[in-house]
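Single-structure report; data block below.
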Amino acid sequence: MMMEGFFEQVYRLVSQIPAGRVATYGQIASLLGRPKSAKIVGWAMRSAPSDRRLPCHRVIKKTGRLAPEYAFGGSENQRMLLENEGVTFKADGSVDLARHRWEITRDKF
DNA sequence: CAGCTGACAATAA
DNA sequence: GTTATTGCCAGCT
């Protein structure tokens with residue numbers, strides 16, 4: 001696949017995130033070779049078309065905190081989705097990254 | 001063509 | 001411990 005844009009890479013990677021597992025923007029960016037481009041990943045999510053079925057709710061901040069409320073139409077919804085997939089949350093409402101941090105299970109895209 | 005924006009992250013105070 | 005600032009890269013105006 002050609003580089004249609006950094007988004008395609010992000011979409012591809014995010015779409016590989018298994019249920020019950022979460023990834024951070026920085027991690028995705030780092031996997032793509034741009035550890036400083038976490039914003040680009042977030043931007044890709046923002047532009048994330050529903051056609052890709054991107055589990056953007058599985059992509060969270062590095063602090064374990066979910067995306068802002070203005071995203072997803074409510075962080076509560078996102079939290080519920082993750083809980084439904086088996087993700088455990090702290091009393092603070094943050095995701096337990098230490099338990100659900102996703103890592104690459106694929107050799108190549 | 002130049003500048004602005006942004007679903008983040010890391011560092012400084 | 002939190003709050004403020006800078007860096008970063010791709011897309012938009």
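Chain identifiers are assigned alphabetically (A, B, ...) following the order of the sequence lines, protein sequences preceding nucleic acid strands; residue numbering begins at 1 within each chain.
The environment of A:R101 atom CZ is dense: over 12 non-hydrogen atoms of other residues, nucleotides or ligands sit within 6.0 angstrom.
Rounded to the nearest 0.5 angstrom, A:I40 CD1 and A:F7 CZ are separated by 7.5 Å. Between the NZ atom of A:K90 and the CZ atom of A:R99 there is a distance of 11.0 Å, given to the nearest 0.5 Å. Once rounded to the nearest 0.5 Å, the distance linking CG of A:L31 with CZ of A:R12 reads 15.0 Å. Rounding to the nearest 0.5 Å places CZ of A:R21 at 8.0 Å from CD of A:E103. The distance from atom CG of A:L54 to atom CD1 of A:I17, rounded to the nearest 0.5 Å, is 9.0 Å. Distance check, rounded to the nearest 0.5 Å: NZ of A:K39 to CE of A:M45 gives 16.0 Å.
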- What one-letter contact string describes nucleotides 8-13 of chain B from 5' to 3', where B marks a base within less than 4.0 Å of any protein heavy atom, S marks contact via sugar-phosphate atoms alone, and - marks no contact? BSS---
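Atoms CD1 (A:I28) and P (C:dC9) sit 18 Å apart, rounded to a whole Å. When the P atom of C:dC12 is taken as reference, atom CZ of A:F6 falls 15 Å away, rounded to whole Å. Note: CZ (A:R34) to C1' (B:dG6) measures 18 Å, nearest angstrom. Taking atom OH of residue A:Y11 and atom C1' of nucleotide B:dA7, one finds them 12 Å apart after rounding to whole Å. One atom, CD of A:Q9, and another, P of C:dA10, lie 12 Å apart when rounded to the nearest Å. As a whole-Å value, the separation of A:W43 CH2 from B:dT5 P is 12 Å.
Here the nucleotide nearest the side chain of A:S37, chosen from C:dC9, B:dA7, C:dA10, is C:dC9.
A donor-acceptor distance shorter than 3.5 angstrom exists from the side chain of A:H100 to the backbone of A:T88, with no hydrogens or angles considered.
Near DNA chain C, defined here as any heavy-atom distance below 4.0 Å, there are no residues from residues 83-94 of chain A.
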